[in-house]
Visitor: 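My questions will all concern the structure given below.
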Amino acid sequence: MSDTPSSGPANAFVSAELYTLVQQFYARQMGLLDDGRPDDWAETFTEDAVFQEASRLNEPLRGRDAIRESSRARKKRLDGDKIDFRHWLGMLDVLPQDDGSLRTRAYALAMRVPRGGALDIFASVVCHDRLVQVDGTWQVRHRDLHHDGSVRD
Amino acid sequence: MSDTPSSGPANAFVSAELYTLVQQFYARQMGLLDDGRPDDWAETFTEDAVFQEASRLNEPLRGRDAIRESSRARKKRLDGDKIDFRHWLGMLDVLPQDDGSLRTRAYALAMRVPRGGALDIFASVVCHDRLVQVDGTWQVRHRDLHHDGSVRD
Amino acid sequence: MSDTPSSGPANAFVSAELYTLVQQFYARQMGLLDDGRPDDWAETFTEDAVFQEASRLNEPLRGRDAIRESSRARKKRLDGDKIDFRHWLGMLDVLPQDDGSLRTRAYALAMRVPRGGALDIFASVVCHDRLVQVDGTWQVRHRDLHHDGSVRD
């Protein structure tokens, strides 16, 4: 994690326009996943995106096609199990980079509710993203999820 | 839910002013409910507002008076049971409509703490609102709550 | 709590710039605590800051040095117990004061995950802050935490 700053210098904050753009991006992006739209979800990543959960020792997903396949399989499982899933992001920090990309850090909560069952908020995750603009649209080029409670490097 | 879009097109985002206005509206509105101020809460809805929880098969509340009565009864119950209640909204999406109104979608968590007891985050809900301006003040004209884990239409 | 308004008048909202500045301040400030950086955390409070949790009957922490010592001790405990800790703030209301300071109110969730263990979201708290600018940097001069479920004054 040596090149992923946990936060920027005090009071070096981004503009309201940029901050709320990223807030809206995440609300909509995670909504696509939670609404069971894996193909639209995949479109929010760059063609060459890397999606990793280093703290779980999974192999990273490499490329939009791999991300699409993974989220299609995920949707199939959840539909089969009749589970509603929600991803909340919050506590967002946005760090503009010299190349025009954005590094972001956010807290995330993952939760599920089986049909007729009880809410289970089961994971607290720290999400580090690299966002880039492609044809006027923000996309995730790199996502790194660290699950709280996991062994850290 | 056929006419309630789950989200807008990618990157069609609203201005920072509008987005933070709606964020502040919800923080304050839900604060009124959580602070036990049912009459002030009712004033955040239009006279003809409809408040429905279709996923729970309840009859909708129709009109501000019905919303006020319902929230007064709710406060009485919670005060009697000595329960602190919190409603969190997040993951907000704002979709301006041609008539000047706003459609919003947000995730909500409902939680309670009995006096001396443990926190219970018991419901994950998706909130779809129609907001309108009345005399320069934003109000809810229509609220539709869908509880995760319920049978969907 | 007589001089701590629970919320402002309807629709008296602050600008997007101010609202997102405070959002970013809290994301970064709480991140410092959660990342185990007690000295940087202490710098986000004024020299004469007061940090109180009236609802828990603790004595207030008075002054940045006391806040630093307390958070250093806290870090030592959490490191020893191998616990990841997260503080979420949300549902933010910002009330500018005539003297240029800000009163804020936010909901907070406190959660922890022991190494290899399950997520425990154990406290819902209402945070009332007084923020002031010192040398162009926002700092907390007064923080008052009220734990839901505690006996109220």
Side-chain angles (χ1 to χ4, degrees), chain B residues 14-37 40-45 78-79 81-92 106-122 131 133-140, chain C residues 1 4-24 26-27 55-57 86-96 102-112 118-129 145-153:
Chain B
V14 300
S15 70
E17 287 301 327
L18 184 57
Y19 195 72
T20 57
L21 182 150
V22 178
Q23 287 180 312
Q24 292 177 78
F25 173 81
Y26 283 124
R28 206 164 284 176
Q29 188 200 34
M30 303 314 295
L32 293 174
L33 184 63
D34 295 340
D35 287 346
R37 294 165 61 182
D40 293 329
W41 158 259
E43 294 300 311
T44 65
F45 293 85
L78 294 175
D79 285 353
D81 294 344
K82 297 190 190 310
I83 289 175
D84 287 329
F85 216 99
R86 298 287 159 205
H87 293 85
W88 279 61
L89 267 70
M91 302 299 281
L92 173 69
Y107 291 174
L109 287 174
M111 60 193 76
R112 58 191 162 207
V113 192
R115 199 62 48 84
L119 171 62
D120 178 25
I121 307 180
F122 66 95
L131 301 182
Q133 262 188 310
V134 180
D135 301 330
T137 301
W138 287 95
Q139 298 180 347
V140 178
Chain C
M1 297 284 294
T4 312
S6 59
S7 70
N11 285 275
F13 298 135
V14 301
S15 71
E17 287 302 328
L18 184 56
Y19 195 72
T20 57
L21 181 150
V22 178
Q23 286 181 312
Q24 293 177 78
Y26 283 124
S55 57
R56 308 193 98 180
L57 306 176
R86 299 286 161 204
H87 293 85
W88 279 60
L89 266 70
M91 301 298 281
L92 173 68
D93 202 6
V94 178
L95 301 165
L102 303 174
R103 283 185 186 277
T104 67
R105 161 180 155 136
Y107 291 174
L109 287 174
M111 59 193 77
R112 58 192 162 205
L119 170 63
D120 179 24
I121 308 179
F122 65 95
S124 167
V125 178
V126 181
C127 176
H128 286 94
D129 272 0
L145 304 179
H146 276 247
H147 287 248
D148 286 329
S150 60
V151 179
R152 301 300 176 87
D153 47 346

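Just so it is clear: chains get the letters A, B, ... in the order the sequence lines come, proteins before strands, and each one is counted from 1.
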Visitor: Checking heavy atoms, do the side chain of L92(C), its backbone, both or neither come under 4.5 Å from chain B?
Guide: backbone
Visitor: Side chain, backbone, both or neither: which part of Q23(B) has a non-hydrogen atom closer than 4.5 Å to chain C?
Guide: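 Contact with chain C involves both backbone and side-chain atoms of Q23(B).
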Visitor: Could you state the interatomic distance from CG (D120(B)) to CZ (F85(B)), rounded to the nearest 0.5 Å?
Guide: 9.0 Å
Visitor: Do D148(C) and V125(C) make a side-chain contact, defined as non-hydrogen atoms from C-beta onward lying under 4.5 Å apart?
Guide: no
Visitor: Can you find a side-chain donor-acceptor pair between Q139(B) and T44(B) that sits under 3.5 Å?
Guide: no
Visitor: Of the backbone (N, CA, C, O) and the side chain (C-beta and beyond), which part of V94(C) lies under 4.5 Å from a heavy atom of chain B, both, or neither?
Guide: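 Only the backbone of V94(C) comes within 4.5 Å of chain B.
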Visitor: Give, as side chain, backbone, both or neither, the part of A118(B) having an atom under 4.5 angstrom from any heavy atom of chain C.
Guide: neither
Visitor: Using non-hydrogen atoms only, which part of L89(B) is less than 4.5 Å away from chain C: side chain, backbone, both, or neither?
Guide: both
Visitor: Find out whether P96(C) and V14(C) are in side-chain contact, i.e. whether some heavy atom of one side chain is under 4.5 Å from a heavy atom of the other.
Guide: yes
Visitor: Using the ring of Y107(C) (Phe, Tyr or Trp, six-membered ring only), decide whether R86(B) places NZ or CZ under 6.0 Å from its centre and within 45 degrees of its axis.
Guide: yes
Visitor: Sort M111(B) into side chain, backbone, both or neither according to what part of it lies under 4.5 angstrom from a heavy atom of chain C.
Guide: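 Answer is side chain: those atoms of M111(B) sit under 4.5 Å from chain C.
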